[in-house]
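By convention here, the first residue in the shown sequence is residue 1.
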Amino acid sequence: MSRFCKFAVWAFLAAYILALFLFLVGTFGWFGQTRDPLSGIFLIPLGLPWNLMIEGFPEALWPWLGAAAPALNLVLLRLICGRTRWQG
């Protein structure tokens with residue numbers, strides 16, 4: 001895997017962990033933070049296009065599926081980078 005791919009995977013993982021942490025803090029009110037319905041806003045662009053398909057599931061699962069959607073993109077990014085031979 002090229003250096004660029006390794007960087008892209010690690011950068012995406014870091015962004016995902018940060019967005020997931022902010023979602024959990026806002027959802028459960030950790031660290032004295034008030035509960036905020038927009039706490040998962042940073043997960044939306046990371047989880048596209050998978051989070052557009054969530055409406056077919058029960059509404060109680062929507063926040064958790066939205067939080068898990070970026071994991072699919074991370075797996076796909078890792079698979080694509082593993083199969084490419086580009087040296088950058």
Is there side-chain contact between [X] and [Y], with heavy atoms separated by less than 4.5 Å?
{"X": "S39", "Y": "L22", "value": "no"}
{"X": "L43", "Y": "P70", "value": "yes"}
{"X": "N73", "Y": "Y16", "value": "no"}

Is it the case that atom CZ in F12 sees more than 12 heavy atoms from other parts of the structure closer than 6.0 Å?
yes

Show every side-chain hydrogen bond (donor to acceptor under 3.5 Å, both in side chains) that has at least one partner inside residues 58-70, sequence neighbours left out.
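Passing the test, one end in residues 58-70: no pairs.
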
Quick one: name the residues clustered hydrophobically with L76, using the 4.5 Å side-chain heavy-atom rule over I, L, V, M, F, W, Y, and just say none if it's on its own.
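W50, M53, L72, all in the cluster of L76.
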
Would you mind listing the cluster partners of L79? Hydrophobic ones only (ILVMFWY), side-chain contacts under 4.5 Å, chaining allowed.
V75

So, using side-chain contact (heavy atoms from CB on, under 4.5 Å) as the criterion, who are the partners of L13 when residues are at least two apart?
W10, I17, L74

ILVMFWY network linking [X] to [Y], side-chain heavy atoms under 4.5 angstrom:
{"X": "V25", "Y": "F28", "answer": "yes"}
{"X": "F42", "Y": "I44", "answer": "yes"}
{"X": "F31", "Y": "L38", "answer": "no"}

Qualifying residues under side-chain hydrogen bond (donor to acceptor under 3.5 Å, both in side chains), relative to N51, sequence neighbours excluded
none

List the atom of [X], the atom of [Y], and the distance in Å for their closest heavy-atom pair.
{"X": "G40", "Y": "F23", "value": "CA-CD1, 3.6 Å"}
{"X": "C81", "Y": "C5", "value": "SG-SG, 2.6 Å"}
{"X": "L77", "Y": "A8", "value": "CD2-O, 3.7 Å"}
{"X": "I54", "Y": "L65", "value": "CD1-C, 3.7 Å"}

Out of curiosity, W30 CH2 to L24 CG, how far, rounded to the nearest 0.5 Å?
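One finds 4.5 Å between CH2 of W30 and CG of L24.
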
